[in-house]
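Here's the structure we're looking at; comments come further down.
We name chains A, B, ... by the order of the sequence lines, and we start the count at 1 in each one. Reckoned from all heavy atoms, side chains included, excluding hydrogens, waters and symmetry mates.
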Amino acid sequence: MPQIRTRYAPSPTGYLHMGGAWMAFFNWLHARNHRGVFILRVEDTDRTRSTQEYEDSIFADFGWLGITWDEGPDVGGPLGPYRQTERTALYARYAQALLDRDAAYPCYCTPEELESDRARASSAGRSHRYSGRCRDRMPSERTALEASGRRPSLRLRVTGSSEPIVVDDLVRGRVVFEPEHLDDYIIARSDGTPLYNFANVVDDHLMQITHIIRGSEHLSNTPKQLVMYRALGWTPPAVAHLPTILGADRKKLSKRHGDTAVRDYRSQGFLPEAILNFFALMAWHPEAEREVYALGELIQGFRLEDVGRSSPIFDLDKLTWLNGVYMRRLVENDRNRVVEMCARILEREGLLAGGMTSQQRQYLGQVVGVVGDRLKTAGDVMIYGDYFFREPVYDPEAASRHLQPASAPLLEALAAGLEGLEPFDRGPIEAVLRGVCADAGVEARALVHPARVALTGRTAGPGLFELMEVLGRERALERLRRAAVLAAGGSGAGAG
RNA sequence: GCCCCCAUCGUCUAGCCGGGCCCAGGACGUCGGCCUUUCAAGCCGGUAACGCGGGUUCGAAUCCCGCUGGGGGCACCA
C-alpha cells in the first residue's frame, strides 16, 4: 500500500476557526495513524480576500494546537510549492492540456450576463444551469469576440454524458449524481487565475494526495471534480466527507457564532490538548464509555470509517468541563504551565506587568496552588484569584449579607489575633480564628464568611486559611480592618 | 425551485453493517443529597432519547418504503 497522504487546504481569508481546525485534525489523525504524510496547502487564489497576516495566524494557531505538517509553504517538501499563487504555471499547463483535448472551452459570457441568466431562471422557478452559450462557438466567433476586447473564462465540458457519476465516499457510502444536474463550470477566471474546483484537483493529484478528507459542504463539488480527473486522465484519490460542525443555532459554525476562532480559545486560557481531545468527541468517540484520551491513543485508535455522518453541535460546556479536567491535572503535574497561562491573563487584565520577577513568579505559583484546582480555564483566575493582585472588589450582595455590625468586632479580634502571629501559616491562622470564635461564643462560620468577603470581596473561593497565608499578613490585616469599619457602619451597603 | 446529505436524552455519543443480551449504555448540562468554612472538585442518586407512519419478521433503535424535520450545495468564493 502506498504511503497515505492527506492535506488541509485553508484559504487565508480569516483566522483559523474551530470547524477548520477540527477538519484538519481528522486529516492529521488519519495520516499519523497510517504513518503517512500530512500536508498544509494554502489556497490563496482569491487574492482579494487572502492576506499574509491571516496565513501567518493560521500557521501559528496550528502550531499552538500541536497539529504539525510534513509539507507546506513554510517547511517546503518535494511536491511544492504549497501556496497556490506560486503554482500558476502549473495551472496554466493543465488548462492548456484541457483546451488541447477539447475538454474545456473559452467562455465569453460576462459576469453580468450570467447573473441575469440566473435571475431569470430563478424568477421562473427553474434551477439555473449555465446556458451553454459559448459551448460550441466557431473559431471565427471566438476571434471576433476577443477582438471586441472580451477576455474569456474557461469552462470544463461536463454536459454530454448520460452516465451517472458515482462517488464512493469512505464515510457516506455510495452517492450517485445524475449528470443532467451538472453543468459546464468555470475552472479559470478571465484573468487566467484558477478556481477552486480546478486548482484543487491539480494540486491534489500533483501532491499525490491519497485521501481527501473534507467537509460535507464539498460533497456536491465531488462529481464535478471527478469529471476533471477523468478529463485529465488521472485516478482520483479516495474521498471522505465529514459532517459540518454546527453552532448552537444549528447552522454551520462560522464567524457569526461569536468565539469560533482558535485564537480566542487560546486567549481565554484553554489548553490545546483539551481542545484536541474534545475534537475527537465530535462525530467520533474512540470508546463508548470514556471521554479522556491521550493524543497518542487518538492517533492509534483513529479509523476514518468510524466517523459519524450527522452534524454535531459545538458544545462549549463540554469543552469547558474537559479543559477543567486537564487543568487540574496540570496543577498537579506541571504547575509552571498553569502559572504561565495565568500570567498571560493577568497581564492582559492589567493586574501584572509583563516580564515577571522571580518573586512574582513564586507568588503566582502560590496563588495557583490555592486556586488552581478550580480553574476550568486559565481565564478563571480572574474569577477565583483577582484579589491576590488588586484590592478586592466587593460583591454588593456578599457585602450586605456578611459585613453586618455583628461581625465587626469579630473581624477586629481576628486582625488583632493575627497581628504578631508567627509563622503566618494556614495552621496557626486557623487556630487564631477558631480561638476568636470560641471566645465570642459563636460558630466558626460566623467569622469565616465575613472574613472571606473582607479579603476577597466574594463568597466563593479557596480555603480561607490558605488564602490568607498566600495573601500575607500586611494585606490581610489591612483588609480585615477596613471591612470591620465598613461592617460597623451598617448594612455594608455602599461597599465597593 | 433543483440536487445531495443527515435523523438515539437539551448537547456530545454507544448500540445499527452481521435484527433478540436495549422497557436503550456512558459523558456534559441540569436537579437533589453527601462531604465541607464558601465555591469548585470528588462521591451517591434523579431527570431525560430511539421524529412520525407503514411494512418485513416469532421478534426492529437496528432491515425496507413513505412522510416530516434539520443541514449543505446550486459564484469568474473556497
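In this entry the distance linking CD of A:Glu397 with C1' of B:C39 reads 14 Å, nearest Å. B:A78 atom C1' lies 11 Å from atom CZ of A:Arg7, rounded to whole Å. Nucleotide B:A14 holds its C1' atom 18 Å from the CE atom of A:Met282, rounded to whole Å. Put simply, NE2 on A:His402 is 10 Å from P on B:C39, counting in whole angstrom units. Summarising the geometry, the separation between CZ on A:Arg434 and P on B:U37 is reported as 6 Å, rounded to the nearest angstrom. Put simply, CD1 on A:Ile187 is 13 Å from P on B:A78, counting in whole angstrom units. Remark: C1' of B:C12 and CZ of A:Phe278 are 7 Å apart, rounded to the nearest angstrom. Distance, A:Asn323 CG to B:A41 P: 14 Å, rounded to whole Å.
Near RNA chain B, meaning a heavy atom under 4.0 Å from it, residues 453-461 of chain A has A:Thr459, A:Ala460, A:Gly461 in order of number. Heavy-atom distances under 4.0 Å link RNA chain B to A:Cys109, A:Thr110, A:Pro111, A:Leu114, A:Arg118 of residues 109-120 of chain A, given in residue order.
Nucleotide B:G51: paired with B:C67 (Watson-Crick or G-U wobble, both distances less than 3.5 Å). As the counterpart of B:G19, no nucleotide is assigned, since no Watson-Crick or G-U wobble pattern has both distances under 3.5 Å. Searching all strands for a Watson-Crick or G-U wobble partner of B:G45 with both distances below 3.5 Å returns B:C31. Pair assignment for B:G59 gives none, since no Watson-Crick or G-U wobble pairing has each distance under 3.5 Å. With a 3.5 Å ceiling on both atom-pair distances, B:U36 lacks any Watson-Crick or G-U wobble partner. In this structure B:C2 sits in a base pair with B:G73, meeting the Watson-Crick or G-U test at under 3.5 Å.
Of all heavy-atom pairs spanning A:Ala274 and A:Leu322, the tightest one is O-CD2, 3.8 Å. When all heavy atoms of A:Leu304 and A:Ala240 are compared, the closest pair comes out as CD2-CB, 3.9 Å. When all heavy atoms of A:Trp284 and A:Gly301 are compared, the pair lying nearest together is CZ2-O, 3.4 Å.
Salt-bridge annotation for A:Glu297 and A:Arg290: present, with a side-chain N of the basic residue lying under 4.0 Å from a carboxylate O of the acidic one. Ion pair A:Glu430/A:Arg434 flagged as a salt bridge, since at least one NZ, NE, NH1 or NH2 atom sits closer than 4.0 Å to an Asp/Glu carboxylate oxygen. Classification of A:Arg135 and A:Asp184 as a salt-bridged pair holds, one side-chain N sitting under 4.0 Å from a carboxylate O. Under the 4.0 Å criterion applied to side-chain N and carboxylate O atoms, A:Asp334 and A:Arg329 are not assigned as salt-bridge partners.
A:His218 comes within contact range of at least one nucleobase, with a heavy-atom separation under 4.0 Å. Residue A:Thr244 is classed as having no contact, given no heavy-atom separation below 4.0 Å to the nucleic acid. If you check every strand for non-hydrogen atoms under 4.0 Å, A:Arg129 touches nothing. Base engagement by A:Pro462 is indicated by at least one non-hydrogen atom pair under 4.0 Å involving a base atom. In this structure, A:Gly463 reaches the bases: a heavy-atom distance under 4.0 Å links it to at least one base atom across the strands shown. Within 4.0 Å of A:Leu281, counting heavy atoms only, lie sugar-phosphate atoms of the nucleic acid but no base atom. Residue A:Asn200 is out of contact with every strand shown, counting any heavy-atom pair closer than 4.0 Å.
Note on A:Lys224: every side-chain N or O is 4.0 Å or more away from OP1 and OP2 of B:C74. Dashed line: the shortest gap from a side-chain N or O of A:Arg250 to OP1 or OP2 of B:U11 is under 4.0 Å.
Residue pairs meeting the salt bridge (Lys or Arg N to Asp or Glu O under 4.0 Å) criterion with at least one partner in residues 305-323 of chain A, sequence neighbours excluded, are A:Glu291-A:Lys318, A:Arg303-A:Glu305, A:Arg303-A:Asp306. Residue pairs meeting the side-chain hydrogen bond (donor to acceptor under 3.5 Å, both in side chains) criterion with at least one member in residues 439-460 of chain A, sequence neighbours excluded: A:Asp386-A:Arg458. Sorted by first and then second residue, the pairs that involve residues 40-52 of chain A and meet salt bridge (Lys or Arg N to Asp or Glu O under 4.0 Å), not counting sequence neighbours, are A:Arg41-A:Glu43, A:Arg41-A:Asp203, A:Arg41-A:Asp204, A:Asp46-A:Arg49. Contacts classified as ring-ring contact (aromatic ring centres under 6.0 Å, His included) and involving residues 154-184 of chain A (residues at least two apart or in different chains) are not found.
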A correct 5'-to-3' footprint of nucleotides 22-30 of chain B, with B, S and - meaning base, sugar-phosphate only and no protein heavy atom under 4.0 Å, is ---BBBS--

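Closest contact between the side chain of A:Asp373 and the listed nucleotides B:A40, B:U37, B:A78 involves B:A40. Among B:C76, B:U38, B:U37, the nucleotide with an atom closest to any side-chain atom of A:Arg189 is B:C76. Considering only the side chain of A:Val448, B:U37 comes nearest among B:U37, B:A78, B:C76.
Looking at residues two or more places apart in sequence or on another chain, you find no salt bridge (Lys or Arg N to Asp or Glu O under 4.0 Å) involving A:Arg250. A:Glu466 pairs by the salt bridge (Lys or Arg N to Asp or Glu O under 4.0 Å) definition with nothing, not counting sequence neighbours. Taking the salt bridge (Lys or Arg N to Asp or Glu O under 4.0 Å) definition, one finds that A:Arg475 meets it with nothing, sequence neighbours left out.
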Detail all sub-3.5 Å separations between protein N/O atoms and N/O atoms belonging to nucleotides 4-7 of chain B.
from : atom 1 : to       : atom 2 : distance (Å)
B:C5 : O2'    : A:Arg172 : NH1    : 2.3

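Looking only at side-chain heavy atoms (C-beta outward), A:His218 and A:Asn221 come within less than 4.5 Å of each other.
When the C1' atom is compared between B:C44 and B:A7, the two are found 35 Å apart, to the nearest whole Å. B:G59 and B:G19 are spaced 8 Å apart, taking the C1' atom of each and rounding to whole Å. Comparing B:A78 with B:C63, their C1' atoms are spaced 39 Å from each other, to the whole Å. Taking the C1' atom of each, B:U47 and B:G26 are spaced 16 Å apart, rounded to whole Å. Distance noted for atom P between B:U13 and B:U56: 34 Å (whole Å). Remark: the separation of the C1' atoms in B:C4 and B:G42 is 48 Å, to the nearest Å. For B:U57 and B:G51, the C1' atoms lie 23 Å apart once the distance is rounded to whole Å. Rounded to whole Å, the separation between the C1' atoms of B:G55 and B:G71 comes to 28 Å.
Atom CD of A:Glu178 sits in a crowded spot, with more than 12 heavy atoms from other residues, nucleotides or ligands closer than 6.0 Å.
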Output a table of donor-acceptor pairs, distance under 3.5 Å, between side-chain atoms of residues 241-248 of chain A and any protein atom two or more places apart or on a different chain; print 'none' if there are none.
from     : atom 1 : to       : atom 2 : distance (Å)
A:His241 : ND1    : A:Asp169 : OD2    : 2.6
A:His241 : NE2    : A:Arg214 : NH1    : 3.3
A:His241 : NE2    : A:Thr222 : OG1    : 3.1
A:Thr244 : OG1    : A:Ser216 : OG     : 3.0

